[in-house]
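The first residue in the sequence is number 1, and the count goes up from there.
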Amino acid sequence: MPVLNRAELSRTGVVFVALLFAICATSAVAREFRAADTQTEDYPTVQALRYMGALIAERTGGRHEIKVFHSRQLGEEKETIEQTRVGAIDLNRTNVALIGNFVPAMNVLAMPFLFRSIEHMQKVLDGPVGSEILDSFEPYGFVGLCFYDSGARSIYNGVRPVRSVADLRGLRIRVQQSELMSEMIRALGAEPVEMPYGQVLTGLANHLIDGAENNWPSFVTTDHYKHAGYLALTEHTMSPEVLVISLKAWRSLSAEDQQIFREAGLRSSRFMREKWRDLEEQSQRKAEAAGVTIVRDIDRKPFEDAMPAIYAKAGRDPAAAALIERIRKVE
C-alpha cells in the first residue's frame, strides 16, 4: 500500500469532496417532468410532446426527461390547467380558449372569425405577435413555450344539416368550459352547453346535447361522427393549442436548460404540424366514408355578422383591442 503524506491526503480529500458535490448537484437537477394532454396516445399533440421529450433527454444527456400522461389521465383540461398553475403538473398542452380564463391574451386568439385562414394564423403565431403572447404568460403562473396547430373548428350535430344561422336555432351545442365560446354559440341562436371534452360522446349518444363544435380529428377520433351525422364547415375559430410549463418547474431549470426546453418546444411545434396535416386528411376521408353529410358551401358572412357584441365586449380592454388590430393587419 502506498503511504501518502499529509499534503497528498489533503489533496485527495479535496478531490473526493468535489466529486461528491458534483454527483449530488447532478442528481439534484435531474428530473422527470410530468406533461398532461387530454388527447389519445396517437394524437399529434401527444406525439409532439414525446418528440420534445426525446430532444430534451438527448440534449441534457438524460438528466431531464418528460413523461407524457395522455387520454385525460391527469384530468380534464380545466383541472390540469389549474394544477399546472400551482406546479402540481409541469407541462400542459391545452386549447387557448380554456387557458384564456387565466391568461387574457389567449381569449383574443379564441375570438370567432379572427383569422382569415390557417396560413394567416400560422404567420401571426410564428412572428413577433406570437412571441409577445407567449411572453405574457409568466405573471399568471405559466411560461409559454410554443403553439401547436388545432385546425379550424366547425359545428356538427345529429338533428339536421346547418346551412345558415337560422338552422342553428334551438340546437343544444356543447362548448368548452369557456365564457367566450358560450357567448359565440348564443350569438348564433343556439343553446351552449359547457361540458368537459371527455363527456361529449356520452352526451351525443344519450341526446343530452344535439351537437358540438371541434376540428376534424377530434370529430372523428372520439367517434362523435357516429352520433352527429351533419357537419357544417363554419370554421368559426382557428384557435391554436399552446404548450406551457409551470413557472415553478421553469425556475427549477438553469438558464442553459431553459433554452434547451424552448428550442425543443419550437421543434416539436414543426413536428406536430406535419402530423396534424396527415390526420386532418385521414379524418375527413373517414367521415365521408361513414356517410356524414358535410355542408361545405356555407356563406360565412351572416355568421360573422352575428359577432359584433362579442368584439365590442373584447374592445373594452385596450390591450385586447390593440392585439386584435395587430393580428388583422398581418398579411
**Student:** Starting at CD1 of I99, measure out to CG of N107 and round the result to the nearest 0.5 Å.
**Tutor:** 10.5 Å
**Student:** Can you give me the closest heavy-atom contact between D305 and P308, atom names plus distance?
**Tutor:** O-CD, 3.0 Å
**Student:** In the hydrophobic clustering that connects Ile, Leu, Val, Met, Phe, Trp and Tyr at side-chain heavy-atom distances below 4.5 Å, which members other than F69 occupy its cluster, ordered by chain and number?
**Tutor:** L74, I89
**Student:** Identify, with sequence neighbours excluded, every residue that meets ring-ring contact (aromatic ring centres under 6.0 Å, His included) alongside Y230.
**Tutor:** none
**Student:** Side chains of residues 35-43: which donor-acceptor pairs under 3.5 Å do they make with residues two or more places apart or in other chains?
**Tutor:**
unit_1 : atom_1 : unit_2 : atom_2 : d
D37    : OD1    : Q39    : N      : 2.8
D37    : OD1    : R93    : NE     : 3.4
D37    : OD1    : R93    : NH2    : 2.7
D37    : OD2    : T45    : OG1    : 2.9
D37    : OD2    : R93    : NE     : 3.1
T38    : OG1    : R93    : NH2    : 3.2
T40    : OG1    : D42    : OD1    : 3.0
E41    : OE2    : R50    : NH1    : 3.3
E41    : OE2    : R50    : NH2    : 3.4
Y43    : OH     : S218   : OG     : 3.3

**Student:** Among all residues two or more places apart in sequence or in another chain, which pass the ring-ring contact (aromatic ring centres under 6.0 Å, His included) test with Y156?
**Tutor:** F219, H224
**Student:** Any ion pair linking E76 and R72 (charged N to carboxylate O, less than 4.0 Å)?
**Tutor:** yes
**Student:** What residues, two or more places apart in sequence or in another chain, satisfy side-chain hydrogen bond (donor to acceptor under 3.5 Å, both in side chains) together with Q284?
**Tutor:** none
**Student:** Check the surroundings of atom CZ in R160: do more than 12 heavy atoms from other residues, nucleotides or ligands lie under 6.0 Å from it?
**Tutor:** yes
**Student:** Please name all residues satisfying salt bridge (charged side-chain N to carboxylate O under 4.0 Å, His left out) with R296, sequence neighbours left out, ordered by chain then number.
**Tutor:** E288
**Student:** Y51: which other cluster members, linking ILVMFWY side chains closer than 4.5 Å, directly or transitively?
**Tutor:** L55, F271
**Student:** Looking only at heavy atoms, which two atoms of P112 and T237 are closest? And how far apart?
**Tutor:** CA-CG2, 3.8 Å
**Student:** Are any of the side-chain nitrogens in D126 or R273 under 4.0 Å away from the carboxylate oxygens of its partner?
**Tutor:** yes
**Student:** With S182, which of Q177, Q176, E194 fulfils side-chain hydrogen bond (donor to acceptor under 3.5 Å, both in side chains)?
**Tutor:** E194
**Student:** Please identify each residue that fulfils ring-ring contact (aromatic ring centres under 6.0 Å, His included) with F147, with sequence neighbours left out.
**Tutor:** none
**Student:** By salt bridge (charged side-chain N to carboxylate O under 4.0 Å, His left out), which residues pair with E183, not counting sequence neighbours?
**Tutor:** K313
**Student:** So which atom in A152 and which in E280 form the shortest heavy-atom distance, rounded to 0.1 Å?
**Tutor:** N-OE2, 4.4 Å
**Student:** Quick one: which of L168, L188, I155, V295 gives a side-chain contact (heavy atoms from CB on, under 4.5 Å) with T234?
**Tutor:** I155
**Student:** How far apart are the closest heavy atoms of M52 and F261, and which atoms are they?
**Tutor:** CE-O, 3.7 Å
**Student:** If the condition is ring-ring contact (aromatic ring centres under 6.0 Å, His included), which residues does H207 pass it with, not counting sequence neighbours?
**Tutor:** none
**Student:** Should V292 and V220 be marked as a side-chain contact (heavy atoms from CB on, under 4.5 Å) after you check the CA-CA gap, both sets of side-chain angles, and the distance that decides it?
**Tutor:** CA-CA 11 Å; V292 172; V220 172; over 6 Å; no
**Student:** Report yes if the distance between the aromatic ring centroids of H64 and F33 is under 6.0 Å, otherwise no.
**Tutor:** yes
**Student:** How long is the span from the OG1 atom in T202 to the CG atom in L208, to the nearest 0.5 Å?
**Tutor:** 8.5 Å
**Student:** S252 and A249: which non-hydrogen atoms are nearest, and at how many Å?
**Tutor:** OG-O, 2.5 Å
**Student:** Show every donor-acceptor pair shorter than 3.5 Å between a side-chain atom in residues 321-331 and any protein atom, with sequence neighbours excluded, or say none if there are none.
**Tutor:**
unit_1 : atom_1 : unit_2 : atom_2 : d
R326   : NH1    : E132   : OE1    : 2.7
R326   : NH2    : E132   : OE2    : 3.4

**Student:** My understanding is that only residues two or more places apart in sequence, or in another chain, count here; which of them pass side-chain hydrogen bond (donor to acceptor under 3.5 Å, both in side chains) with E138?
**Tutor:** none
**Student:** If I compare all heavy atoms of W250 with all of I245, which pair ends up nearest, and what's the gap?
**Tutor:** CE3-CG2, 3.7 Å
**Student:** I need the single residue from D167, V162, L231 that forms a side-chain contact (heavy atoms from CB on, under 4.5 Å) with N157. Which is it?
**Tutor:** V162
